[in-house]
Amino acid sequence: SEAWNPSGIVQEAIRDCKDAIGDDVVVITDLCVDEYTDHGHCGIVKQDGTVDNDATLDIYKKIAQAQAQAGSDIIAPSGMMDGQVASIREALDEINFHQIPILAYSAKYASGLYGPFRDAVNVFLENSDRKSYQQDWRNSREAIAEIKTDISEGADMIMIKPAVTYLDIISKAREVTDIPIAAYHVSGEYAMNKAASQKGWINGDQVAIEQLTAIKRAGANFILTYHAKEIAEMHQQAEKLIGKQGSEVGELRKVVDDFISTQTSKASQTTEAPVTTEEFYENPGKNVNKAIDSHPAIKEAQKAAKDMKR
């Protein structure tokens, strides 16, 4: 299968990423087989239409080894097969990839929020669904049981998917484990925000930040989201603004410090009491303006302006 072929598309993509960026970015690879099948399921399907869990685990082992050898930094099995973490850990250790961590999709629900992604990648489940191996969205206790099982099998991190509609699961998971928790803000959650924003019903950027903050607040250590590029750009813009403001504040502080130093020097030559920093900031509006007006550079600029008018 192309899923574990060293020249398969995912393995080639891993190598291309590593060649382009090296270790500057962590490469996490989703491990599943639905994209390689005509039935769209996450494992081998038997004649009766059910998924063969144990036979699928043998395939997962081969895929994990192929991804690790191609350069993946973290293996993330998303198929929700029972025993997948233990099988993958065994397979990685067999080829001396003991250092490769496993991000387990421990609480992945059979949600209706995956539609936009499935449409994009042409995954269709004909007369079927994934409810036999993904979790029932009505059930929270099963998620905690699955999380504990995956951790006992060697999971280094766990994933909860979807995110916004499962904040309670993220919170409960945080209460039972200290290992890193990932949350997947899925395509349906992203698309609803975008659609409502395009209609003018909401401020899309504000809602995106609000939702991602809620996920973080619930206990997630990191978030997978289709908003990632937008949020990164907003973060860069904010950093630039803060840097500019910080520079301006620094310049103003220097003006203030120069003024206080000058006033203190004058006071030492007269009977006047020196101006202290505390006294200066007791009336900042008045004194900052006074400091600016008295600064040599400002005086030079004011004098030049007067000369130009003449």
Side-chain angles (χ1 to χ4, degrees), residues 8-32 34-35 67 70-78 100-105 107-109 111-123 156-167 169-170 180-246:
I9 188 170
V10 171
Q11 286 69 254
E12 289 289 350
I14 295 168
R15 281 189 286 269
D16 287 346
C17 286
K18 283 298 183 181
D19 289 344
I21 58 179
D23 293 327
D24 290 342
V25 174
V26 174
V27 175
I28 304 175
T29 47
D30 182 293
L31 191 161
C32 198
D34 57 326
E35 63 269 41
Q67 291 181 352
S72 176
D73 296 304
I74 298 173
I75 305 296
S78 64
I100 299 294
I102 297 173
L103 167 57
Y105 281 62
K108 183 178 180 180
Y109 282 86
S111 171
L113 289 165
Y114 306 139
F117 168 79
R118 289 179 182 169
D119 287 346
V121 297
N122 294 317
V123 171
D156 301 281
M157 297 163 270
I158 56 147
M159 173 83 79
I160 294 162
K161 180 180 180 180
V164 173
T165 44
Y166 295 87
L167 295 178
I169 307 301
I170 299 171
I181 295 175
Y184 206 134
H185 187 246
V186 301
S187 60
E189 295 170 314
Y190 171 81
M192 286 191 291
N193 183 8
K194 287 296 183 182
S197 178
Q198 288 174 2
K199 289 286 188 180
W201 295 339
I202 62 172
N203 180 323
D205 289 344
Q206 180 181 335
V207 171
I209 294 172
E210 183 177 343
Q211 288 188 345
L212 297 179
T213 300
I215 297 167
K216 181 72 174 176
R217 187 182 65 235
N221 296 97
F222 59 103
I223 303 167
L224 280 76
T225 176
Y226 294 88
H227 284 298
K229 184 178 179 181
E230 302 163 38
I231 297 297
E233 289 172 349
M234 282 190 275
H235 182 67
Q236 285 182 332
Q237 291 172 359
E239 280 190 329
K240 288 179 181 178
L241 180 61
I242 291 170
K244 180 182 178 183
Q245 290 176 339

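Here, residue 1 is the first one in the sequence, and each next residue gets the next number.
In plain terms, the two heavy atoms of Pro101 and Met157 that are nearest each other are CB-CE, 3.9 Å. Heavy atoms only, all atoms of each residue included: Lys216 and Asn221 are closest at NZ-O, 3.2 Å. Nearest heavy-atom pair across Phe222 and Pro180 is CE2-CB, 4.2 Å. Shortest non-hydrogen contact noted between Ala182 and Leu103 is CB-CD1, 4.0 Å. In this structure, Gln67 and Asp30 approach most closely via the heavy-atom pair NE2-O, 3.2 Å.
Rounding to the nearest 0.5 angstrom, the gap separating the OH atom in Tyr184 from the OG atom in Ser78 is 9.0 Å. With rounding to the nearest 0.5 Å, the separation of CD1 in Ile28 from OG in Ser72 is 8.0 Å. Considering CE of Met159 and CD1 of Ile170, their distance stands at 10.5 Å, rounded to 0.5 Å. To the nearest 0.5 Å, atoms CD1 (Ile100) and CG (Asp73) are separated by 6.5 Å. Here CD1 of Ile181 is found 11.5 Å from CD1 of Ile223. Values are rounded to the nearest 0.5 Å. Between atom CG of residue Asn203 and atom CG of residue Asn193 there is a gap of 9.0 Å, rounded to the nearest 0.5 Å.
Residues Lys161 and Leu224 are not in side-chain contact: their nearest non-hydrogen atoms beyond the backbone lie 4.5 Å or more apart. At least one side-chain heavy atom of Pro77 sits less than 4.5 Å from a side-chain heavy atom of Ile102.
Other residues, nucleotides and ligands contribute at most 12 non-hydrogen atoms within 6.0 Å of the CG atom of Asp23.
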For residues 207-215, run the donor-acceptor check on the side chains, cut-off 3.5 Å, and write out each pair with its distance to 0.1 Å, sequence neighbours left out.
{"residue": "Gln211", "atom": "OE1", "partner": "His185", "partner atom": "NE2", "Å": "2.9"}
{"residue": "Thr213", "atom": "OG1", "partner": "Ile209", "partner atom": "O", "Å": "2.7"}

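Looking at residues two or more places apart in sequence or on another chain, you find a ring-ring contact (aromatic ring centres under 6.0 Å, His included) between Tyr109 and Tyr166.
For residues 187-207, the pairs satisfying ring pair (Phe, Tyr, Trp, His ring centres under 6.0 Å) are Tyr190-Tyr226, Tyr190-His227, with sequence neighbours left out.
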Derivation of the side chain to side chain contact (heavy atoms under 4.5 Å, CB included) call for Glu189 and Thr225: CA-CA 9 Å; Glu189 295 170 314; Thr225 176; over 6 Å; no
